[in-house]
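Along the sequence shown, residues are numbered consecutively beginning with 1. These numbers come from the heavy atoms of this one structure, side chains and all, not from hydrogens, waters or symmetry mates.
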Amino acid sequence: MWSDVAQRPAVPAPLATDATDAPQRKASAVTQGFLQIDRLSKAFVPAKPVFADVSFTLDKGEFVCIIGHSGCGKTTILNVLAGLDTATSGTVIMDGREVAGPSLDRGVVFQSHALMPWLTVRQNIAFAVKSRWPDWKKSQVDTHVEKFVALVGLSPAIDKKPSQLSGGMKQRVGIARAFSIQPKMLLLDEPFGALDALTRGTIQDELMAIVRQTQQTVFMITHDVDEAILLADRILLMSNGNETPEGYRPGGIAEVVVNPLPRERTRASLHHLDGYYALRNHIVDFLVTRAKAH
Ligand SMILES: Nc1ncnc2c1ncn2[C@@H]1O[C@H](COP(=O)(O)OP(=O)(O)OP(=O)(O)O)[C@@H](O)[C@H]1O
Ligand SMILES: [Mg+2]
């Protein structure tokens with residue numbers, strides 16, 4: 001594949017990189033800056049913040065991925081956006097309100113599935129659905145739960161408990177649960193990490209279809225460069241904190257890459273698209289050479 005990269009003609013301006021500008025899509029003033037993250041930092045150890053000065057925005061309906069090496073602080077950022085952790089400094093504003101705690105407006109899929117082990121798949125998801133719509137009748141909850149379980153291909157396992165499921169199946173329950181509450185925003189922490197390639201592909205396609213249909217706003221962590229290129233409108237490249245001759249430098253968003261590929265892209269067509277290899281190389285180069293030393 002790499003030799004193929006060299007043979008391809010250079011694509012004019014494949015990457016628009018800008019740390020602040022939103023992508024040039026049809027976004028009205030109302031939907032721009034739906035999520036605003038301003039100068040976020042987090043220090044578990046006072047003198048050595050994991051990251052500092054992290055600022056970015058997400059427009060409504062936008063899909064943003066963040067990529068970076070282990071330990072740079074991706075999950076920490078996601079937890080702060082979810083309201084599950086607090087930042088040392090900085091603010092997060094969603095839909096005009098400061099995020100100050102967890103909310104059913106945000107659906108979270110955790111890096112590890114976080115299901116309630118004593119409840120079945122149906123009960124795990126119904127628990128979330130009933131929290132979201134407390135007035136719903138049982139039949140309404142059942143129909144809704146069954147729809148989202150079917151979506152992730154788990155109907156045959158709907159009455160099983162997490163201990164009876166594989167890692168990938170548990171992860172799919174987590175995905176169904178996050179989708180089922182129809183949140184204003186989805187926060188996904190490597191949601192497909194535990195899935196085999198085939199299931200991963202199918203669920204990526206499903207996720208893309210639902211997100212496009214529902215104009216869902218998504219912030220997703222991934223380690224998979226192709227997954228980011230397939231799904232994201234913009235990709236945030238995050239660097240690790242590191243020691244430099246001038247002292248410790250916290251991690252942060254080193255660059256924001258706007259995905260130039262047409263939004264109608266599919267897994268099968270991705271690597272035939274002009275600009276794909278340039279984009280891929282750019283991200284891989286970042287991970288290899290810049291992510292840990294800046
Ligand atoms: N509760 C905590 N107490 C102390 N340190 C923590 C805590 N949570 C995270 N850290 C540290 O903060 C850093 C960032 O962790 P985080 O889980 O956000 O990384 P990540 O980018 O999601 O990594 P991975 O790709 O491995 O999931 C790590 O060095 C981790 O050890
Ligand atoms: Mg993580």
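- Separation of atoms NE2 (H282) and CD (E255) is listed at 3.5 Å; rounding is to 0.5 Å.
- A continuous path of Ile, Leu, Val, Met, Phe, Trp and Tyr side chains, each step under 4.5 Å between heavy atoms, connects Y277 with V288, placing both in one hydrophobic cluster.
- Checking Q140, K138, H144 one by one against D142, the side-chain contact (heavy atoms from CB on, under 4.5 Å) holds for a single residue, K138.
- Side-chain atoms of S41 do not come within 3.5 Å of backbone N or O of D53 as any donor-acceptor pair.
- Side chains of M185 and D105 form no contact here, defined as non-hydrogen atoms less than 4.5 Å apart.
- With V211 as the partner, the side-chain contact (heavy atoms from CB on, under 4.5 Å) test is satisfied by one option alone out of M220, Q216, E62: Q216.
- Within the 4.5 Å cutoff, the side chain of T217 has no heavy atoms near those of the D59 side chain.
- Scanning for side chain to side chain contact (heavy atoms under 4.5 Å, CB included) contacts around L84 gives N79, A82, P102, F110, with sequence neighbours left out.
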Quiz prompt | Derivation of the side-chain contact (heavy atoms from CB on, under 4.5 Å) call for E98 and T91 | solution = CA-CA 7 Å; E98 183 156 4; T91 52; 3.5 Å; yes
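- In this structure, T222 contributes its side chain and A228 its backbone to no donor-acceptor pair below 3.5 Å.
- Note that CZ of R122 is 4.0 Å distant from CD1 of I158, once rounded to the nearest 0.5 Å.
- P162 places none of its side-chain heavy atoms less than 4.5 Å from the side chain of V173.
- Under the 4.0 Å criterion applied to side-chain N and carboxylate O atoms, D226 and R267 are not assigned as salt-bridge partners.
- Formation of a donor-acceptor pair under 3.5 Å by the T57 side chain with backbone atoms of Q36 is not found in this model.
- Nearest heavy atoms, R265 versus L270: CD-CD1, 3.8 Å.
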Quiz item: So L207 and L188, side-chain contact (heavy atoms from CB on, under 4.5 Å) or not? Walk me through it.
Solution: CA-CA 11 Å; L207 173 67; L188 312 178; 4.0 Å; yes
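- Heavy-atom minimum distance, G174 versus V109: O-CG2, 3.6 Å.
- Within the 4.5 Å cutoff, side-chain heavy atoms of V225 are placed close to those of L287.
- In this structure, the side chains of R280 and I229 come closer than 4.5 Å at one or more pairs of heavy atoms.
- With Y276 contributing its side chain and S269 its backbone, the two residues share no donor-acceptor pair below 3.5 Å.
- When hydrophobic clusters are built by joining Ile, Leu, Val, Met, Phe, Trp and Tyr residues whose side-chain heavy atoms come closer than 4.5 Å, directly or via intermediates, F34 is not grouped with I93.
- A232 and N259 make their closest contact through O-ND2, 3.0 Å (heavy atoms, listed as atom of the first residue, atom of the second, distance).
- The same ILVMFWY cluster, assembled from side-chain heavy atoms under 4.5 Å apart, contains both F286 and V284.
- In this structure, the separation between CG on D205 and CG on L230 is 7.0 Å, given to the nearest 0.5 Å.
- In this structure, L151 and I175 have side chains that are not in contact, with every pair of non-hydrogen atoms separated by 4.5 Å or more.
- Linking ILVMFWY residues whenever their side-chain heavy atoms come closer than 4.5 Å, directly or via other members, leaves V108 and F127 in distinct clusters.
- Here the straight-line distance linking atom CG of L115 with atom CD of Q171 works out to 8.5 Å at 0.5 Å rounding.
- A 4.5 Å side-chain heavy-atom check between F44 and T76 finds at least one atom pair inside the cut-off.
- Heavy-atom minimum distance, C72 versus S239: CB-O, 3.7 Å.
- Nearest heavy-atom pair across G71 and N240 is C-ND2, 3.8 Å.
- Under the side chain to side chain contact (heavy atoms under 4.5 Å, CB included) criterion, A87 pairs with L40, V80, sequence neighbours left out.
- Summarising the geometry, atom OG1 belonging to T143 is positioned 12.0 Å from atom CZ belonging to F148; distances are rounded to the nearest 0.5 Å.
- At a threshold of 4.5 Å between side-chain heavy atoms, the hydrophobic network of Ile, Leu, Val, Met, Phe, Trp and Tyr places I181 and V141 in two separate groups.
- Aromatic ring pairs are classed by plane angle as parallel below 30°, tilted from 30° to 60° and perpendicular above 60°; the pair F56 and F219 is parallel.
- Under the 4.0 Å criterion applied to side-chain N and carboxylate O atoms, K42 and D85 are assigned as salt-bridge partners.
- The CZ atom of R263 lies 10.5 Å from the CG atom of L231; values are rounded to the nearest 0.5 Å.
- L165 approaches A157 most closely through the heavy-atom pair CD2-CB, 3.9 Å.
- For the pair E264 and R212, the salt-bridge criterion is not met [side-chain N within less than 4.0 Å of a carboxylate O].
- Side-chain atoms of D233 never come within 3.5 Å of backbone atoms of V64 as a donor-acceptor pair (strictly under, hydrogens ignored).
- The shortest side-chain heavy-atom distance between L35 and K184 does not fall under the 4.5 Å cut-off.
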